[in-house]
Number of protein chains: 2
Amino acid sequence: MTIKGKATSLDIAHLAGVSQPTVSRALRGSPMVNEETRKRIQAIAEQLNYKVDKNASNLRTQHSGTIALLFFEDPTPDDSQINPFFLSMLGSITRACAMRGYDLLISFQQLSTDWQADYEDSNKADGLILLGYGDYLESQSRLERLVEQGTHFVRWGAVLPGQPGISIGCDNFQGGHDITQHLLHQGRRNIAFLGHASNHYPEFFERYRGYAHALLTSGQRVQPGLQFDAITTEQSGYEAACELLKRGTPFDAIFAASDLIAIGAMKALHERSMRVPEEVAVAGFDDIPMAGFVNPSLSTVQQDTKLAGTILVETLLALVNNEPAQSRTIPVTLALRRSSGAA
Amino acid sequence: MTIKGKATSLDIAHLAGVSQPTVSRALRGSPMVNEETRKRIQAIAEQLNYKVDKNASNLRTQHSGTIALLFFEDPTPDDSQINPFFLSMLGSITRACAMRGYDLLISFQQLSTDWQADYEDSNKADGLILLGYGDYLESQSRLERLVEQGTHFVRWGAVLPGQPGISIGCDNFQGGHDITQHLLHQGRRNIAFLGHASNHYPEFFERYRGYAHALLTSGQRVQPGLQFDAITTEQSGYEAACELLKRGTPFDAIFAASDLIAIGAMKALHERSMRVPEEVAVAGFDDIPMAGFVNPSLSTVQQDTKLAGTILVETLLALVNNEPAQSRTIPVTLALRRSSGAA
DNA sequence: CTGAAAGCGCTTACAG
DNA sequence: CTGAAAGCGCTTACAG
């Protein structure tokens with residue numbers, strides 16, 4: 001028997017001598033269907049390679065079994081690599097979705113464009129995961145709009161009071177504190193901070209506050225002249241380090257707000273033949289795969305991307321199912337290597 | 001005016017004082033609708049934040065505007081990182097899809113499980129992109145089954161005659177040839193090959209054949225004792241290099257079938273305090289982001305992932321639209337760095 | 001240029 | 001345990 005095009009539940013019903021709803025029930029494992037009938041139907045379905053049409057079932061049930069992952073990128077002039085940290089988040093989010101039987105739709109969004117909750121609005125997804133650095137204040141009004149519209153979403157980022165919606169993030173303050181304390185323990189006293197330190201970049205700002213806190217509790221001063229703005233790219237880190245060197249303020253360590261910044265900074269130091277860690281200790285944040293491979297290997301703050309992915313998905317699904325859900329902070333650990341003189 | 005739940009085209013029709021089909025036409029830009037009517041409808045739609053229900057429109061039109069990307073992974077015991085090369089393919093595929101107005105569904109598949117063309121069968125996707133290393137012969141029967149079922153798919157991999165379906169791949173033979181020739185030009189004579197060299201791994205095998213061809217045309221012998229199996233992980237590269245060292249056959253260069261293998265091999269050399277490139281020149285394949293950061297920086301064969309992603313998507317969409325499409329090979333270039341003594 | 005009608009392939013009360 | 005009926009929200013001939 002050949003059926004032109006794809007088999008439908010009606011085709012199977014004919015073949016099995018039952019009604020179409022019975023096929024639907026049987027295949028979805030309803031307890032209200034005779035076991036023998038079910039087996040017969042299942043056999044036919046398999047033979048015809050039948051698969052439920054998701055468009056039809058989603059239309060009927062009004063949910064999609066799909067989550068949309070939206071990456072926000074600062075537009076890079078060269079269309080360069082995606083931030084490696086987000087790529088490892090992507091891996092763990094994908095696995096967490098698979099575990100819960102959800103499909104994952106992914107999409108890159110330009111921060112600048114007028115993105116919307118299109119995926120959920122058009123019923124392609126039951127909820128959204130928002131991932132990406134960028135100017136927080138710029139996106140805040142959009143987050144508020146998502147909340148207003150009742151869109152289900154979680155975002156990865158700083159967890160702060162008064163934010164619209166639910167956020168999952170690592171403990172940026174603690175991470176900044178711990179790595180700075182480590183640099184202090186290594187005998188460093190003039191520690192520069194490379195990265196934005198304002199409420200436009202709340203994650204970096206938290207890391208900066210942790211850094212400042214560690215300095216103060218160990219009796220050091222926070223030197224404003226040792227902070228230089230940078231976004232999370234190698235290029236930006238390189239430029240910030242050049243500024244730092246040009247300024248002439250003495251320093252014996254750099255805490256970069258991300259590994260990419262740290263790697264760019266190390267390049268600038270290397271060009272001037274400054275030795276790491278002997279002359280300048282360097283530390284980053286994220287523990288991207290590259291961190292262990294650069295020379296010298298980079299001491300950094302490790303974010304547990306696997307746990308993060310799981311929690312993002314679990315929290316979003318709770319939201320989708322109208323279960324209680326809340327913002328959460330994930331603990332960080334130090335990954336100490338040679339760039340700080342630790343290994 | 002408040003509408004409970006999401007607005008539908010019928011809601012808009014009521015508000016605009018037209019029929020529901022007219023709303024549909026207006027919003028889809030049909031030329032058969034009065035310009036003023038269209039504007040009125042569009043204004044209302046925007047105000048209500050209306051989005052066409054994709055489940056309904058897809059059901060009706062029988063296509064999804066979505067492509068599914070299936071990653072095949074050899075199961076790793078530690079749930080470790082995804083192959084970085086595939087991650088950069090992912091980036092370019094995502095962008096290429098966005099450019100054509102398609103959404104991208106991604107999914108990791110265990111090679112071992114009985115994966116199917118579920119996404120297309122269930123109408124969630126119009127076609128599939130298959131990405132991943134693994135034993136080719138094991139997957140071949142599945143590819144044949146996809147062809148039989150009339151599933152639209154393209155795979156990334158070796159382009160060889162007699163393969164089921166359409167394949168896009170880089171010129172593995174040329175890449176293997178060029179990098180080997182480069183090592184020969186550096187004065188190396190005993191060049192080991194780390195990577196599987198059998199038709200179970202056609203991409204690696206092509207690279208191996210390029211390597212052998214370069215040796216032969218320059219008057220060298222191919223020494224079977226200098227080939228060691230490895231899959232594309234750091235661990236596997238490390239182990240293969242250990243075997244090579246244990247064997248005791250003299251060698252002054254390594255061509256690894258992938259960058260991850262090369263990085264693992266360099267680790268093994270490093271542990272024995274063998275200097276790269278002075279004692280052993282090393283080259284890889286792929287040009288993953290890490291290649292430029294390892295120490296010494298890794299000479300390798302660069303695959304143009306951006307072009308690859310574009311071609312994969314273009315080819316698949318041609319297939320979906322019943323336009324002519326064919327397998328293609330993409331040229332490679334050498335990225336020469338310090339590990340081969342080139343920079 | 002516009003509307004009434006049909007139908008995409010399911011799921012789920014409702015009735016038996 | 002099973003079937004007849006309705007309906008999810010669209011798009012597209014068909015008729016005017």
Side-chain angles (χ1 to χ4, degrees), chain A residues 3-42 44-45 48-66 118-126, chain B residues 3-42 44-45 48-66 118-126:
Chain A
I3 291 175
K4 56 175 155 186
K6 278 170 185 146
T8 70
S9 56
L10 197 58
D11 297 322
I12 296 179
H14 287 322
L15 259 44
V18 296
S19 74
Q20 181 269 326
T22 300
V23 172
S24 177
R25 290 189 191 104
L27 263 23
R28 308 185 67 245
S30 159
M32 317 187 312
V33 65
N34 180 292
E35 199 45 41
E36 276 183 38
T37 314
R38 181 206 308 292
K39 280 188 182 145
R40 186 156 38 96
I41 291 172
Q42 261 170 346
I44 296 172
L48 295 186
N49 195 34
Y50 170 78
K51 296 279 153 26
V52 170
D53 185 309
K54 290 288 185 187
N55 290 132
S57 64
N58 291 346
L59 175 58
R60 181 57 230 252
T61 60
Q62 296 289 44
H63 73 81
S64 66
T66 301
D118 280 3
Y119 288 107
E120 182 165 351
D121 288 339
S122 60
N123 281 343
K124 280 201 94 157
D126 297 332
Chain B
I3 290 176
K4 55 174 152 188
K6 277 171 185 145
T8 70
S9 54
L10 198 58
D11 296 323
I12 296 179
H14 287 323
L15 260 44
V18 296
S19 74
Q20 180 270 327
T22 299
V23 173
S24 177
R25 289 190 192 100
L27 263 22
R28 309 186 67 245
S30 161
M32 316 187 313
V33 63
N34 181 292
E35 199 45 41
E36 276 183 39
T37 314
R38 181 205 310 291
K39 280 188 181 146
R40 187 157 35 96
I41 290 172
Q42 261 170 346
I44 297 172
L48 295 188
N49 196 34
Y50 171 77
K51 297 279 153 29
V52 171
D53 185 309
K54 291 287 184 187
N55 291 132
S57 65
N58 292 345
L59 173 61
R60 181 57 230 254
T61 61
Q62 297 290 41
H63 72 80
S64 66
T66 302
D118 280 3
Y119 288 107
E120 182 165 352
D121 288 339
S122 60
N123 281 343
K124 279 201 95 157
D126 298 331

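To find a chain, count down the sequence lines: A is the first, B the second, and so on, and within it residues start at 1. What you see is a predicted model; the values in this text were computed from it and never measured.
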Participant: Please report, rounded to the nearest Å, how far the C1' atom of dC10(D) is from the NZ atom of K6(B).
Facilitator: 15 Å

Participant: Does OP1 or OP2 of dC10(C) have a side-chain N or O of Y50(A) closer than 4.0 Å?
Facilitator: yes

Participant: So, D126(B) side chain and G65(B) main chain: donor-acceptor pair closer than 3.5 Å or not?
Facilitator: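 Yes; at least one donor-acceptor contact below 3.5 Å.
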
Participant: List in numerical order all residues of residues 52-64 of chain B for which some heavy atom is under 4.0 Å away from an atom belonging to DNA chain C.
Facilitator: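 Residues of residues 52-64 of chain B under 4.0 Å from DNA chain C: L59(B), R60(B), Q62(B).
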
Participant: Treating R25(A) as the side-chain partner and M32(A) as the backbone partner, does any N or O pair qualify as donor plus acceptor under 3.5 Å?
Facilitator: no

Participant: At less than 4.0 Å, is any side-chain N or O atom of S9(B) found next to OP1 or OP2 of dC10(D)? Yes or no.
Facilitator: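 Yes.
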
Participant: Looking at P31(A), is its backbone amide N or carbonyl O close enough to the side chain of R38(A) to form a donor-acceptor pair, meaning the two atoms are under 3.5 Å apart?
Facilitator: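 Flag not set: sc R38(A) to bb P31(A) has no pair under 3.5 Å.
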
Participant: Is there side-chain contact between L48(A) and I12(A), with heavy atoms separated by less than 4.5 Å?
Facilitator: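 Touching, per the 4.5 Å side-chain cut-off.
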
Participant: Measure from CG on N123(A) to C1' on dC8(D) and round the result to the nearest Å.
Facilitator: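 Going from CG in N123(A) over to C1' in dC8(D) covers 10 Å.
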
Participant: Not counting sequence neighbours, which residues clear side-chain hydrogen bond (donor to acceptor under 3.5 Å, both in side chains) with N55(B)? List them please.
Facilitator: none

Participant: Verify the distance criterion only: is there a donor paired with an acceptor across the side chains of T66(B) and K54(B) at less than 3.5 Å?
Facilitator: no

Participant: Who passes side-chain hydrogen bond (donor to acceptor under 3.5 Å, both in side chains) against Q42(B), sequence neighbours left out?
Facilitator: none

Participant: Are D11(A) and Y50(A) packed together at the side-chain level, in the sense that at least one heavy-atom pair is separated by less than 4.5 angstrom?
Facilitator: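 Not touching, per the 4.5 Å side-chain cut-off.
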
Participant: Provide, to the nearest angstrom, the distance between the NZ atom belonging to K39(A) and the C1' atom belonging to dC1(D).
Facilitator: 16 Å

Participant: Return the value, rounded to whole Å, for the distance between atom CD of E35(B) and atom C1' of dT2(C).
Facilitator: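 Answer to the nearest Å: 15 Å.
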
Participant: Enumerate the residues from residues 17-28 of chain A whose closest heavy atom to DNA chain C is under 4.0 Å, giving them by residue number; use none for an empty result.
Facilitator: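 Q20(A), P21(A), S24(A), R25(A), R28(A) - these, ordered by number, are the residues of the stretch whose heavy atoms sit under 4.0 Å from the strand.
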
Participant: Do the non-hydrogen side-chain atoms of D53(B) and T8(B) ever get within less than 4.5 Å of each other?
Facilitator: no

Participant: Taking atom P of dC10(D) as reference, at what distance in whole Å does atom CD1 of I41(B) sit?
Facilitator: 13 Å

Participant: Under the side-chain hydrogen bond (donor to acceptor under 3.5 Å, both in side chains) rule, collect the residues that match up with E36(B), sequence neighbours excluded.
Facilitator: none

Participant: Send over the distance from M32(A) CE to dA15(C) C1', rounded to a whole Å.
Facilitator: 12 Å

Participant: State, with a plain yes or no, whether a side-chain heavy atom of S64(A) is found less than 4.5 Å away from one of N58(A).
Facilitator: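 Yes; the side chains approach each other to less than 4.5 Å.
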
Participant: Rounded to whole Å, please give me the gap between NZ in K124(A) and C1' in dC10(D).
Facilitator: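 Taking NZ of K124(A) and C1' of dC10(D), I get 15 Å after rounding.
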
Participant: My validator wants the stems of DNA chain D: runs of 3 or more consecutive Watson-Crick or G-U pairs, both distances under 3.5 Å, written as range with range.
Facilitator: C:1-3 with D:14-16, C:5-12 with D:5-12, C:14-16 with D:1-3

